Structure formats: structure tokens, C-alpha cells
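The structure appears below as C-alpha cells.
The model shown is predicted, which means the values in this text are computed figures rather than measured ones. All heavy atoms count here, side chains included; hydrogens, waters and symmetry mates do not. Note on naming: letters A, B, ... go to the chains in the order of the sequence lines (proteins, then strands), and numbering restarts at 1 for each one.
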Number of protein chains: 2
Amino acid sequence: MRSASEDLSTRARIRDAAVALFGRDGFGTTTVRAIAAAADVSPGLVLHHFGSKDGLRQACDRYVVEEFVGRKDEMTRDATSAIARWLADVDRFHPLIDYLARMLSSGTTAADELFDALLTGTSRMLDEQIAAGIMREPEDRDILALYLTLHGLAPLVMRRQVTRGLGLDQLSEEGIRRSTIPILDLYTHGLYSDDRMLVAAREALTRTSGPRSDKGENDPNQDPDPPRPRRS
Amino acid sequence: MRSASEDLSTRARIRDAAVALFGRDGFGTTTVRAIAAAADVSPGLVLHHFGSKDGLRQACDRYVVEEFVGRKDEMTRDATSAIARWLADVDRFHPLIDYLARMLSSGTTAADELFDALLTGTSRMLDEQIAAGIMREPEDRDILALYLTLHGLAPLVMRRQVTRGLGLDQLSEEGIRRSTIPILDLYTHGLYSDDRMLVAAREALTRTSGPRSDKGENDPNQDPDPPRPRRS
DNA sequence: TCGGATGCTGAACGCATGTTTAATATGCTA
DNA sequence: TAGCATATTAAACATGCGTTCAGCATCCGA
């Protein structure tokens with residue numbers, strides 16, 4: 001059996017190298033030899049430890065899921081210090097985030113598991129905050145929790161774009177400093193100046209129209225736009 | 001030179017097959033032979049048309065970007081009917097979305113280009129709506145536009161999770177019907193019952209504290225949580 | 001001290017890959 | 001119709017892949 005202490009050293013080094021390369025280049029593009037070289041071992045040893053390349057992938061999946069989910073509780077208990085620790089050595093986790101991004105956009109069961117855990121966490125947080133009167137009672141808690149989870153994940157999955165748009169790494173202290181207020185502003189005051197759009201959409205939907213679906217022309221959730229067929 | 005009409009037929013069939021397979025399985029995992037089989041041609045023909053596998057990838061990148069960005073104007077002009085058309089044959093575009101998701105999470109320059117175009121569109125939309133009094137003046141237009149774009153993309157990039165959480169495809173009519181109101185509700189009334197959190201965060205940040213970054217414990221943007229190192 | 005298990009290496013194997021090439025069919029142009 | 005470019009194929013090629021294997025070193029319990 002595999003003890004926790006054995007998980008360090010060589011085996012862990014191989015796993016870390018695999019996570020980094022899988023995350024950066026994708027599973028298919030990354031070779032066992034490249035992983036072995038990055039971990040400074042022979043290709044044979046990689047297979048010795050993980051059975052096959054796919055076994056290595058599964059081990060990486062399990063590791064990343066546990067690494068993220070396992071810290072969830074910690075976070076909800078003491079968010080501030082957890083964030084401080086996070087910022088302390090953020091570099092160490094960029095590979096994990098890149099791997100996570102690939103997991104979430106390609107549909108493995110490990111990704112489902114991870115997403116479910118995060119969704120549950122968000123739901124629980126929502127319930128608590130609403131009970132405490134910090135958050136208002138929303139239209140639909142479940143769907144809100146779903147989209148809040150998606151919104152929270154988006155900057156991680158598209159980290160590169162956030163970095164480009166912000167001009168600096170979002171996960172750096174300066175990045176958080178710049179984005180915190182605008183995001184909290186959005187989540188506090190909303191986007192619209194009144195509930196015209198909401199009322200209009202609600203009315204349009206209760207008309208239970210047939211093929212003509214109407215989100216309201218100004219729903220920002222339309223972004224990005226769907227293409228239409230070249231020729232009807 | 002390559003005319004537009006030639007872009008149909010065989011060459012287009014190969015490209016479409018490649019987009020579908022790259023999107024589903026990733027670039028490295030997908031073989032030229034698999035693409036050829038899906039397009040019902042010989043492997044040699046794929047290389048004849050696109051030079052190399054990587055040339056094919058670039059052609060797919062260009063195609064997907066144009067397909068999404070090219071429809072952007074159309075959308076802003078008449079969103080409702082564009083959505084209706086979209087819903088009419090949504091199946092045709094699932095491959096494009098999967099491909100898009102992979103593009104955005106792996107950092108190609110084509111993905112950057114696409115994201116920039118979408119971001120510009122969101123910014124313009126924001127300006128218009130604010131000028132029209134439909135939306136309020138936000139804390140920071142640029143950062144808001146960035147995050148709104150991310151939020152809009154998130155359900156596409158993590159389509160599988162939305163489908164799982166909603167119990168049905170988000171891009172179906174029923175899916176849109178179920179998620180429109182909660183999302184508009186979020187963007188209309190916000191999340192918090194008052195501006196306690198915002199004020200607290202603002203104050204914490206202006207204290208220009210050193211290593212201790214404070215987002216406020218209840219910022220939903222903390223989701224998912226960063227892991228911390230095993231041992232300090 | 002022994003002996004088996006485990007960690008690890010380097011070379012080798014077989015195979016599937018991306019790509020090339022020669023040859024054939026097809027269609028366009030003059 | 002002649003001729004040339006293009007579309008297409010099947011086969012062959014070279015490479016790099018995941019994987020296997022034999023062998024050596026190192027540890028650890030008896």
C-alpha cells in the first residue's frame with residue numbers, strides 16, 4: 001500500500017512534473033519521456049510508478065481534485081489567512097490551476113467530482129450568508145449557486161486572458177487589489193440602473209412563447225454571441 | 001489563391017471534422033487518420049489541403065474565430081432574432097463551442113484575438129447601455145467589461161457542468177428559460193443586501209496593507225479556493 | 001548475513017503516428 | 001482535343017511514441 005510519507009520524493013516529483021506538463025501542453029501532446037526528463041528520472045520509472053500514461057493521468061486528476069477540495073474547508077473557516085498563505089507562494093499553484101482548467105473544459109468524471117464539491121461549497125456559503133442577512137434572498141438559490149461557481153472559476157480557467165486584460169497576474173496581490181472593488185461593486189449594486197430588463201424578461205418568458213426565445217436584447221449573458229449557419 | 005466557394009465541399013468537410021475532433025479530444029490526442037476517417041477521405045488528402053497537422057490546427061483556429069467574431073455585429077444589431085436562429089440549429093455549433101473552450105484555456109494567439117474581440121464588444125455594449133441609462137455607472141468600466149466577458153464565456157467553456165447542474169442543456173430553449181431570470185436577477189439586484197461588504201473591502205484596501213490582502217471573507221469570487229502548501 | 005521486495009536505469013520492442021511520394025482520376029483552359 | 005493543374009488515393013517511410021524487460025543497486029525484515 002502507498003503511505004503518505006512515500007508520496008513525497010520521487011513519485012511526487014514525477015506527479016508534479018506531469019501536472020505541470022499536462023496543464024501546459026495537454027495530455028496528448030505531453031510525452032512520457034518529457035515528464036521523465038522534467039522529473040529527472042528515466043522513462044521506465046514513470047511507468048513503474050503509475051502503470052501507464054493513463055494511470056499517471058488518473059493519479060494527477062485525483063491529486064489536483066484533492067488539493068483543491070481538501071483546502072475548501074480550511075478556506076471557509078478562515079478565508080483571510082488562507083488567502084494570505086495563497087498569495088505567499090502563488091507560483092507553486094499555477095500548474096495546478098492550468099491543470100484544473102483543462103480538467104474542467106474536458107469532461108472527465110474527476111472534473112465533475114471537483115465541480116460538484118465546489119458547487120456544494122458555494123451553495124452552503126450562499127445559505128449561510130442569506131441566513132445571516134448579508135445576502136438577499138435571490139430568485140433561485142440553486143441556479144444562482146451554479147452560476148456563481150462558474151463565475152468564480154472563469155478567471156482561473158481563462159487566467160491568461162485575465163492577466164492580459166489586467167496587465168498583471170490576477171492572482172498577484174496587485175491583481176486582487178485592482179479587481180476586488182469592481183467585482184464587489186457588481187455583486188452589490190448589480191449592473192442595471194433599475195429592474196426594467198428583469199421585468200421585461202419575466203413578462204416575455206411568462207408569455208410562454210414558442211420558438212421565439214427572448215432574453216432581452218441587453219442581457220450581458222449573451223456574450224459571446226452564437227454564430228449562425230452560413231446558409232439557411 | 002483560395003476562393004470562398006472552394007471553402008465548401010471536401011476541404012470544409014475536413015476542417016469541420018477536425019474542429020469537432022480537436023474540440024472533443026484535444027489536439028494531441030486526435031490523429032490525422034481519425035480526422036480523415038471522419039471526413040471520409042484519405043489521410044494524405046488532409047495534409048494535401050492543409051500542409052501539416054499544425055497547419056490544419058491554424059486553419060481551424062482562424063475558422064472558429066471568424067465564425068464567432070463575424071457574427072458579433074449581427075448580434076448587436078438584432079439580438080433577438082440572432083438568438084432565435086441560434087436556437088434553431090444549436091447542434092451545429094456544439095463542436096465550435098467545445099473547440100472554443102479548448103482555445104480559451106490553452107493560450108494560443110488566436111484565442112487572444114478572439115477574446116479581445118469579445119471584450120471590445122462587451123465594452124461597447126457597456127458604454128451604450130450606460131449612456132442610455134439602462135445600466136448604472138460602475139466602479140471601473142474596463143475591469144467590469146473584462147469580468148462580464150469572462151462570466152459570459154464561463155457557461156460555454158464549462159458547458160458540461162452547466163448541463164449537469166441544470167439537468168438539461170443550457171443552450172436549449174428550456175435551459176435559457178430557466179437561467180435567464182436568476183441571472184438577470186443577479187445583475188439587477190446584486191448579491192448582497194447592502195454595501196457592508198463593499199465598504200469594508202474598500203476600507204481594508206485603502207489601508208494599503210502590506211502582505212495581508214483582504215478581499216473580505218464573504219467575497220464569492222473566492223470560489224474556488226486556492227490550496228496552500230503541504231508544509232510551510 | 002541473507003533474501004526478497006522495491007527503486008531505478010538503459011536499451012530494446014512493436015506500433016501508430018505525421019508525413020512523403022508516386023500514381024491515378026478529374027476538371028479546367030486554351 | 002491536348003495539356004496542365006488540381007483532387008485524391010494507396011502505399012511506403014522515418015520517427016517518436018508508450019510500453020516492456022533484464023539487470024543492478026538499495027533497503028529492510030528475519
Would one find a side-chain N or O of B/His48 under 4.0 angstrom from OP1 or OP2 of D/dT8? no
Does the side chain of A/Thr10 get closer than 4.0 angstrom to OP1 or OP2 of C/dC8 through an N or O atom? yes
Using atom [atom1] of [X] as one end and atom [atom2] of [N] as the other, report the distance to the nearest whole Å.
{"X": "A/Ile14", "N": "D/dG18", "atom1": "CD1", "atom2": "C1'", "value": "15 Å"}
{"X": "A/Arg13", "N": "C/dG7", "atom1": "CZ", "atom2": "P", "value": "14 Å"}
{"X": "A/His49", "N": "D/dG18", "atom1": "NE2", "atom2": "P", "value": "18 Å"}
{"X": "B/Asp54", "N": "C/dT19", "atom1": "CG", "atom2": "C1'", "value": "13 Å"}
{"X": "A/Asp25", "N": "D/dC17", "atom1": "CG", "atom2": "P", "value": "12 Å"}

What pairs of residues pass the salt bridge (charged side-chain N to carboxylate O under 4.0 Å, His left out) test when at least one of them lies in [range], not counting sequence neighbours?
{"range": "residues 95-110 of chain B", "value": "B/Asp98-B/Arg159"}
{"range": "residues 25-49 of chain A", "value": "none"}
{"range": "residues 45-60 of chain A", "value": "A/Asp54-A/Arg57"}

Across nucleotides 21-26 of chain C, 5' to 3', mark each nucleotide with B, S or - according to how protein heavy atoms within less than 4.0 Å reach it. ------
Of all residues at least two apart in sequence or in a different chain, which pass the ring pair (Phe, Tyr, Trp, His ring centres under 6.0 Å) check with B/Phe27? B/Phe22
Scan residues 109-119 of chain B for pairs that pass side-chain hydrogen bond (donor to acceptor under 3.5 Å, both in side chains), counting only residues two or more places apart or in two chains. A/Arg160-B/Asp112, A/Gln161-B/Asp112, A/Arg164-B/Asp116
Set of residues satisfying side-chain contact (heavy atoms from CB on, under 4.5 Å) with respect to B/Ala34, sequence neighbours excluded: B/Leu21, B/Thr31
Mark yes or no: B/Arg15 above the aromatic ring of B/Phe50, with NZ or CZ under 6.0 Å from the six-membered ring centre and no more than 45 degrees from the axis. no
Which of these nucleotides, [options], is closest to any side-chain atom of [X]?
{"X": "A/Lys53", "options": "C/dG7, D/dG18, D/dA7", "answer": "D/dG18"}
{"X": "A/Leu47", "options": "C/dG7, D/dA7, D/dT20", "answer": "D/dT20"}
{"X": "B/Leu45", "options": "D/dT9, C/dT9, C/dG7", "answer": "D/dT9"}

What residues, two or more places apart in sequence or in another chain, satisfy side chain to side chain donor-acceptor pair (under 3.5 Å) together with A/Glu174? none
Only counting residues at least two apart or in another chain, list the ones meeting side chain to side chain donor-acceptor pair (under 3.5 Å) with A/Asp61. A/Tyr99
Restricting to non-hydrogen atoms, name the atom on A/Ala17 and the atom on A/Ile35 that form the minimum distance, rounded to 0.1 Å. CB-O, 4.0 Å
Please tabulate the protein-to-nucleotide N/O contacts below 3.5 Å involving nucleotides 23-29 of chain D, giving atom names and distances.
none

Salt bridge (charged side-chain N to carboxylate O under 4.0 Å, His left out) filter on A/Asp127, not counting sequence neighbours, yields A/Arg141
For DNA chain D, the residues among residues 29-40 of chain B that have a non-hydrogen atom under 4.0 Å from it: B/Arg33
